[in-house]
Each structure stands twice: as C-alpha cells, then as structure tokens.
**Student:** 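First the structure, which I've put down as structure tokens, then a few questions once you've had a look.
Remember, predicted model here, so these are calculated numbers, not experimental data. Hydrogens, waters and symmetry mates are skipped; everything else that's a heavy atom, side chains included, is used. Per chain, numbering begins at 1; letters A, B, ... match sequence-line order.
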Amino acid sequence: MPEPRNILVAVAWPYASGPRHLGHLGGAYLPADIFARYHRLAGDNVLMVSGSDVHGTPITVRAEQEGVSPQEIVDRYHAEFLDAWDKVGIAWDLYTSTGTENHHEVTQDVFSRLAEGGYIEARSSDQLYDPEAERFLPDRYVEGTCPHCEYDAARGDQCDNCGRQLDPVDLIDPRSRLTGATPEMRPTEHYFLLLSKFQDRLLEWLRTRQGWRKHVQNMAIGFTEGGLQDRAITRDLDWGVAIPSPYDTIGDGKRIYVWFDAVIGYLSASVEWAKNSGDPDAWKAWWQDPDAESYYFIGKDNVVFHAVIWPCQLMGYGGLNLPTDVPANQYITFKGDKASASRGVGRSIGWYADRLEPDELRYAIAAILPEQNDTDLSDDQMIARINEELVATWGNLVNRVLSITAKNFDSAVPEPGPLSDSDRQVIAETDETLDEVAAAIQRVELRAGLRRAMDGAQSVNAYLNAEEPWKVLKVDRERGGTVLWTALQAISGLRVAFTPYLPFTSDHLGEILGLEPVSSWGRPELPGGAPLGGVQPLFTKLEPDALDE
RNA sequence: GGCGGCGUAGCUCAGUCGGUAAGAGCGCUCGACUCAUAAUCGAGAGGUCGGCAGUUCAAGUCUGCCCGCCGCUACCA
C-alpha cells in the first residue's frame with residue numbers, strides 16, 4: 001500500500017444571495033465530492049471544506065430591497081444549501097460560513113500578516129458619496145441611466161440590460177440606491193493588496209505547473225502577464241470582516257471586502273475543522289506539510305481569484321501550500337443559456353433533488369461535467385441518460401443477475417465450480433476497471449472515470465449474453481452457478497468503481513449483497529453460499545414527464 | 001475593443017508530439033437473445049473536423065484572416 005496522501009479538497013463558496021442551480025452542482029460541488037470520496041476510499045487523508053459566502057454587496061442590496069437584515073438573507077440560503085448538500089450527498093468534512101468568529105479571526109490574521117510583510121498599504125482615492133445617508137457608496141449602490149443603451153436602472157458596475165461593464169461616473173443622472181440623492185465625489189482611504197509585488201514570482205509559478213487544464217493555466221498566465229494591479233481590499237460598508245487593529249485607523253464604516261476574505265475561507269474552515277476535531281493543529285497537515293496536495297474545485301469565472309490572487313495571498317503570508325491544481329470547470333448551459341438563478345435559467349439543486357433519486361441526479365450531471373467545454377443540458381437529456389445508460393446498463397445488470405440467482409439458488413451466492421477462461425477474464429477486467437477509474441479520477445477526469453465504469457458494466461452484460469446462464473442452468477447447474485458467481489464478483493467490483501459517483505445505491509447494493517459499505521478501493525469477494533437480500537431495482541426508470549413541474 | 005477558451009456524427013462529447021483508413025456513449029436501422037426495469041448483446045448507416053487561405057511529403061492538430069458561442073477585462077466573486 002502506498003503512503004496515504006493528505007489531500008485538501010477546497011470547493012467554491014456558494015454565495016448566500018440566492019438559490020444555487022445545476023450549473024453550480026456540476027461546476028464544483030459534485031466533482032469535488034466524487035474526487036473526495038474516491039480519495040477517502042483509496043486510503044488518503046481527505047479534508048473537504050467549503051461554506052456559505054455571506055459577505056458582499058449583492059447580499060446587502062437584496063436585504064435592503066426586501067427590508068430585512070443581511071443576516072436574514074444569509075440564514076435563508078445557508079439553510080437551503082445545507083439541505084441540498086444533504087439530499088445530493090455532498091459529503092463535507094466541514095461546511096461552514098464566512099460569518100463565523102473563527103473566519104473573521106483568520107481573515108484578520110491574514111490581513112495583519114500581509115500588512116506586516118509590506119503587501120498591504122493604505123491609499124486615498126475619490127469615491128462616490130451619498131450626502132443624505134452620509135456614507136460612501138459601492139458601485140452597486142449607484143444606479144442611473146446606461147450611457148450605452150439608455151436603460152434607466154443600470155447599476156454602477158454593470159448594466160443589466162445591455163450587459164456592459166460600467167463605471168459609476170459614466171452613468172447619466174446617477175442616484176443613490178439608498179436615498180435617491182445625487183452622489184458626489186469625495187476622497188476616502190482604503191487598503192490595497194499590492195499584487196504587483198508578486199507578479200514575477202507568480203508568473204514563474206504559473207508557468208511551471210504540470211497537468212493543469214489548458215484553459216485554466218492560460219487564463220491565469222494571460223491575466224498575470226497583463227500586469228497585476230494593486231487592488232482595494234476594503235470597502236465603505238458595515239457588512240463584512242472588520243479591519244484589525246492597529247490598521248483600523250482609516251475612518252469609520254469600512255470593512256474588509258468579500259473577495260479578499262472569501263478565499264481565506266478554505267484556510268479558516270480547515271482551522272475550524274481542526275478545532276472541532278479536538279486537535280487545533282490538525283489543519284497544518286494539509287497546509288504546511290510540503291507533500292500535502294490541494295485541489296480547488298471552482299467554475300471558470302473564478303479562475304483569476306483562485307489561480308492568481310489567492311496564490312499571491314498565500315505567498316505573502318508565507319509557509320502555506322499553494323494550490324496543487326485548480327481543475328476549474330466550464331459551464332453547464334441550458335439550451336445554450338448559461339444557468340443563472342437570477343435570470344430564471346436552470347432550476348435550483350433542491351428542485352431537482354426533490355424529483356430525482358440522488359444517484360440519478362448525480363449520474364446525469366457526472367456524465368456531462370463541463371471539464372473542457374461548456375456543456376449543454378436539458379431535462380429531456382437528463383431523463384434519457386438516466387433511463388438509457390444508468391438504469392439500462394448498470395441497474396439492469398444488477399437486477400438480471402440477482403433475479404436469476406434468487407430464482408435458482410434460493411437467494412444465496414452459488415458455489416462456484418472450476419473457472420473458465422472467460423470467467424477469469426471478466427473478473428480480471430473488473431479489476432482493471434477499478435484501476436482505470438482510479439487513474440481517471442486522480443487526473444480529475446471524472447467523466448472519463450464514470451464512462452470507464454459503465455464500460456465495465458457493459459462487458460459483464462456481454463459476458464452474460466455469451467454464457468447464457470439461464471439456458472445453461474437447465475442442463476448444468478454447477479456451470480450455470482459458476483457464471484452467476486462470476487457475474488456477482490464483477491458486480492461487487494463495479495459497485496466499488498461506482499461508489500464515488502453513486503454512493504447511495506452503492507450502500508443499497510452492499511446491503512443486498514451482504515457487504516459492508518465500501519471502505520477501500522478493491523473488489524470484495526462474495527463467498528459461495530453467502531445469503532443475498534431480496535431483489536429490488538437499484539434505480540427507478542423515469543417517466544418522460546418526471547421533470548415537467 | 002484587448003486577452004483566453006471553444007466550434008468534430010441527429011444529440012452530448014474524446015481526439016496526446018502533425019502521421020495507417022476520423023473515435024465513444026446515446027439515438028437510429030438490421031439481426032440475436034428472452035434471465036432482466038420493452039432491459040441486454042452483436043452488426044450497420046451516419047462526419048468536406050465552423051469558413052477561407054497558407055506551411056508541410058502529410059493538417060481535426062501548426063500559421064494568418066473571417067464567422068459564431070463562452071469567460072475575463074480588476075467595485076460580482
């Protein structure tokens with residue numbers, strides 16, 4: 001057995017400003033879960049963390065629109081996310097939020113350390129100020145008429161009508177979203193992260209990464225080559241992590257802004273997990289041991305934050321591991337449109353989880369993970385994949401073997417006679433399948449891994465068609481029983497290969513076969529004579545209208 | 001506008017360093033089987049690899065231009 005590896009599975013922090021949809025599930029949460037489940041079975045020490053991102057202006061804007069506190073918005077969606085992870089089986093070691101005291105402390109520590117290292121400094125700039133509310137306004141708090149399309153409710157950062165990036169000073173007839181007052185420019189002081197100081201080191205690091213997805217590496221290198229600009233990390237807000245002493249002297253009503261603290265969540269969540277585990281230093285095995293590995297599962301819109309800015313923060317802090325890989329996914333689109341909860345494209349994870357068995361949902365998404373390209377998905381395609389691949393190939397294989405065995409051998413594993421070459425070959429192929437699925441998952445080629453497992457199931461179906469045990473049993477009971485014994489061994493192996501993808505039915509199948517939950521990456525042998533549970537389908541075939549509301 | 005990614009069979013996608021005759025799954029057609037959730041297995045049809053031009057003995061792969069989609073463009077994260 002190889003030495004266990006310490007593997008940090010860091011998953012994008014969902015923004016608690018609205019429901020998350022299948023694009024998020026396929027972009028980050030499901031691939032991370034598959035990857036983490038595999039490594040746990042392979043005996044590695046996995047720490048998989050994430051949490052709800054509770055800061056940022058979309059949350060405060062929404063709260064003001066609804067007339068509630070930001071915390072109420074956050075609590076609502078945090079609870080929804082927890083429910084979704086439970087239903088879909090996303091098995092976190094810790095799912096927390098950026099609203100914890102621990103997160104604030106860790107963020108402040110990172111801030112202070114970077115400031116001590118000379119990587120953060122205060123600068124003054126002119127910002128829009130609301131004279132009635134007596135506060136500075138983030139871009140999103142300013143609205144007005146878009147200079148491009150004349151849409152009259154364009155936000156200061158972007159026009160929702162024509163989609164263009166805006167600068168709030170370009171807005172025609174700008175007004176404060178708080179009071180309607182006309183904003184004026186006033187000087188204000190903020191802290192800047194001096195990204196420019198990391199430019200050369202970062203570029204050298206990015207250029208030497210091995211095995212990264214091409215689009216991720218190129219995007220990060222291209223962005224960095226364009227010149228890293230120092231970037232403000234505080235805002236005139238009262239919702240966010242407080243600026244730590246002695247740096248809290250640049251004026252009232254300022255907080256550390258969300259993009260700086262959100263990525264720190266990976267570290268703070270690891271620290272929180274360690275505290276909970278009873279060993280407050282336990283997180284160091286994933287962050288300070290140079291042999292530890294870290295994989296960041298995110299969508300492609302987040303590449304710059306995870307492959308450029310977060311590594312800079314880590315370099316500046318010192319002594320912490322940089323990402324081993326950032327296997328960012330592209331997008332799942334729905335009939336060509338990017339999924340977007342705010343635009344009503346693509347329904348929430350919970351909506352699907354209420355209508356599909358969790359493993360059916362997991363299969364439908366895992367089979368089309370957008371690892372290289374944007375991938376289009378529709379409800380009809382999901383149903384077709386579930387029925388025609390998952391149910392027909394894997395579900396039916398299990399069902400047909402268990403059915404014949406139950407009828408002919410009184411629901412027990414048959415005692416095998418001498419094995420033929422074809423018997424040995426099917427079992428050997430199953431073991432190869434396990435190896436190849438493992439290799440694919442380690443390369444974070446999760447679609448390919450699932451495909452390989454399905455190929456394994458097809459091989460066993462072909463073996464059964466060739467051996468025809470239902471005929472053989474009528475003339476040679478021992479030989480027929482040997483074929484079924486062989487098929488059961490193969491199913492036992494394939495079950496393990498499918499476990500990272502289909503954990504619920506893996507457990508169910510284990511109960512039927514009289515096996516413990518899968519705990520290692522290898523094929524458990526089913527001894528002749530072992531009792532089998534009742535025959536029941538692993539999956540239910542879906543009606544064509546199963547997702548029609 | 002600038003930077004990056006992508007465009008391959010009806011659908012969803014693989015194609016490494018340029019190299020037999022372009023691949024998979026699903027769908028479709030035909031055949032076999034009838035243990036199994038009308039499931040399974042086998043065979044087959046189906047592609048001017050977005051377009052044009054170029055480099056090369058050889059281009060899906062390299063170069064240029066064009067068309068289309070997506071992301072980033074530093075106050076969404």
Side-chain angles (χ1 to χ4, degrees), chain A residues 12-15 17 53 55-58 61 127-128 137-142 155-158 165-168 190 195 213-223 225-232 235-236 257-260 262-263 298-306 308-309 328 330-331 333 336 338 342 367-378 380-381 384-385 387-389 391-393 395-408 445 447-448 451 454-455 457-458 460-466 468-471 473 480 484 487 535-541:
Chain A
W13 288 55
Y15 209 30
S17 62
D53 181 353
H55 298 132
T57 45
V61 168
Q127 297 285 322
L128 290 166
L137 297 171
D139 287 0
R140 285 205 165 201
Y141 274 72
V142 181
R155 297 191 313 244
D157 60 336
Q158 186 179 38
Q165 299 281 325
L166 301 177
D167 192 300
H190 278 295
L195 292 169
R213 292 180 185 173
K214 193 169 54 172
H215 71 268
V216 175
Q217 198 164 14
N218 284 346
M219 200 181 299
I221 289 173
F223 187 92
E225 282 177 338
L228 293 183
Q229 294 175 27
D230 302 334
R231 186 163 166 151
R235 294 287 187 278
D236 292 290
Y257 195 53
V258 59
W259 70 256
F260 183 82
V263 284
I298 60 168
K300 64 174 164 180
D301 53 338
N302 243 326
V303 167
V304 167
F305 279 86
H306 290 78
V308 176
I309 296 177
Q330 310 256 0
Y331 285 145
T333 59
K338 178 189 168 186
S342 61
I368 57 98
L369 291 176
E371 293 175 337
Q372 300 297 337
N373 294 321
D374 286 354
T375 299
D376 203 60
L377 181 65
S378 68
D380 289 347
Q381 284 175 33
R385 276 189 191 282
N387 286 346
E388 290 153 13
E389 298 176 21
V391 179
T393 302
N396 183 56
L397 169 63
V398 171
N399 194 238
R400 69 193 296 208
V401 170
L402 289 175
S403 292
I404 319 176
T405 307
K407 272 182 214 165
N408 293 282
E445 293 174 8
R447 273 173 75 140
R451 183 67 244 155
M454 288 298 283
D455 289 344
Q458 286 186 326
V460 182
N461 273 321
Y463 163 81
L464 288 172
N465 281 35
E468 300 183 308
W470 52 90
K471 278 187 186 170
L473 279 169
L484 293 176
V535 179
Q536 42 182 305
L538 290 183
F539 308 100
T540 310
K541 206 165 181 180

**Student:** Report yes if a donor N or O on one partner sits less than 3.5 Å from an acceptor N or O on the other, where the partners are the side chain of A:Asn396 and the base of B:A39; otherwise report no.
**Tutor:** no
**Student:** Using the P atom as the point on both nucleotides, what is the distance between B:G60 and B:A21, in whole Å?
**Tutor:** 11 Å
**Student:** Give one of base, sugar-phosphate or nothing for A:Ile221, where a contact means two heavy atoms less than 4.0 Å apart.
**Tutor:** nothing
**Student:** Between A:Asp157 and A:Thr57, is there a side-chain heavy-atom distance shorter than 4.5 Å?
**Tutor:** no
**Student:** Among A:Val304, A:Ile309, A:Asp53, find the residue that satisfies the side chain to side chain contact (heavy atoms under 4.5 Å, CB included) test when tested with A:Trp259.
**Tutor:** A:Ile309
**Student:** Return the CE to CG distance between A:Met219 and A:Asp301, rounded to the nearest 0.5 Å.
**Tutor:** 9.0 Å
**Student:** Within the structure provided, determine whether A:Phe223 and A:Leu228 are in side-chain contact (heavy-atom separation under 4.5 Å).
**Tutor:** yes
**Student:** Grab the CD-P distance between A:Glu389 and B:A24 for me, whole Å please.
**Tutor:** 15 Å
**Student:** Using a 4.0 Å heavy-atom cut-off across all strands, classify A:Ala384 as base, sugar-phosphate, or nothing.
**Tutor:** nothing
**Student:** Determine the interatomic distance between P on B:C13 and the same-named atom on B:A53; round to the nearest Å.
**Tutor:** 29 Å
**Student:** Please name all residues satisfying side-chain hydrogen bond (donor to acceptor under 3.5 Å, both in side chains) with A:Lys407, sequence neighbours left out, ordered by chain then number.
**Tutor:** none
**Student:** Check each of A:Leu464, A:Val460, A:Val535, A:Thr405 against A:Arg400 using the side chain to side chain contact (heavy atoms under 4.5 Å, CB included) test, and report the only one that passes.
**Tutor:** A:Leu464
**Student:** Rounded off to whole Å, could you give me the CD-to-P distance for the A:Gln536 and B:U37 pair?
**Tutor:** 13 Å
**Student:** Heavy atoms under 4.0 Å, any strand shown: does A:Gly226 hit a base, just sugar-phosphate, or nothing?
**Tutor:** nothing
**Student:** Rounded to whole Å, how long is the line connecting atom CG of A:Leu228 with atom P of B:C3?
**Tutor:** 18 Å
**Student:** Does some side-chain heavy atom of A:Leu128 sit less than 4.5 Å from a side-chain heavy atom of A:Tyr141?
**Tutor:** no
**Student:** To the nearest Å, give me how far apart CD (A:Glu388) and C1' (B:C26) are.
**Tutor:** 6 Å
**Student:** Would you kindly give the CZ-to-P distance between A:Arg400 and B:C35, to the nearest whole Å?
**Tutor:** 10 Å
**Student:** Do the side chains of A:Arg155 and A:Val61 get nearer than 4.5 Å, heavy atoms only?
**Tutor:** no
**Student:** Under 4.0 angstrom, heavy atoms only, what part of the nucleic acid is A:Asp455 near: base, sugar-phosphate, or nothing?
**Tutor:** nothing
**Student:** Go through RNA chain B and write down every stem, that is, every run of at least three consecutive Watson-Crick or G-U wobble pairs with distances under 3.5 Å, as range with range.
**Tutor:** B:1-7 with B:67-73, B:10-13 with B:23-26, B:28-32 with B:40-44, B:50-54 with B:62-66
**Student:** Considering only the C1' atoms, how many Å lie between B:G50 and B:C6, rounded to the nearest integer?
**Tutor:** 11 Å
**Student:** To the nearest 0.5 Å, how far apart are CZ in A:Arg451 and CG in A:Asp455?
**Tutor:** 4.5 Å
**Student:** Distance between the P atoms of B:G5 and B:G15, in whole angstroms?
**Tutor:** 15 Å
**Student:** Pick the C1' atom in B:A38 and in B:C69, then give their distance to the nearest Å.
**Tutor:** 40 Å
**Student:** Does the protein touch nucleotides 5-13 of chain B at the base, only the backbone, or not at all? Give it as B, S and - per nucleotide, heavy atoms under 4.0 Å.
**Tutor:** SS----SSS
**Student:** Please report, rounded to the nearest Å, how far the P atom of B:U34 is from the CG atom of A:Leu473.
**Tutor:** 14 Å
**Student:** Whole angstrom is fine here: how far is it from CG in A:Leu538 over to P in B:U37?
**Tutor:** 13 Å
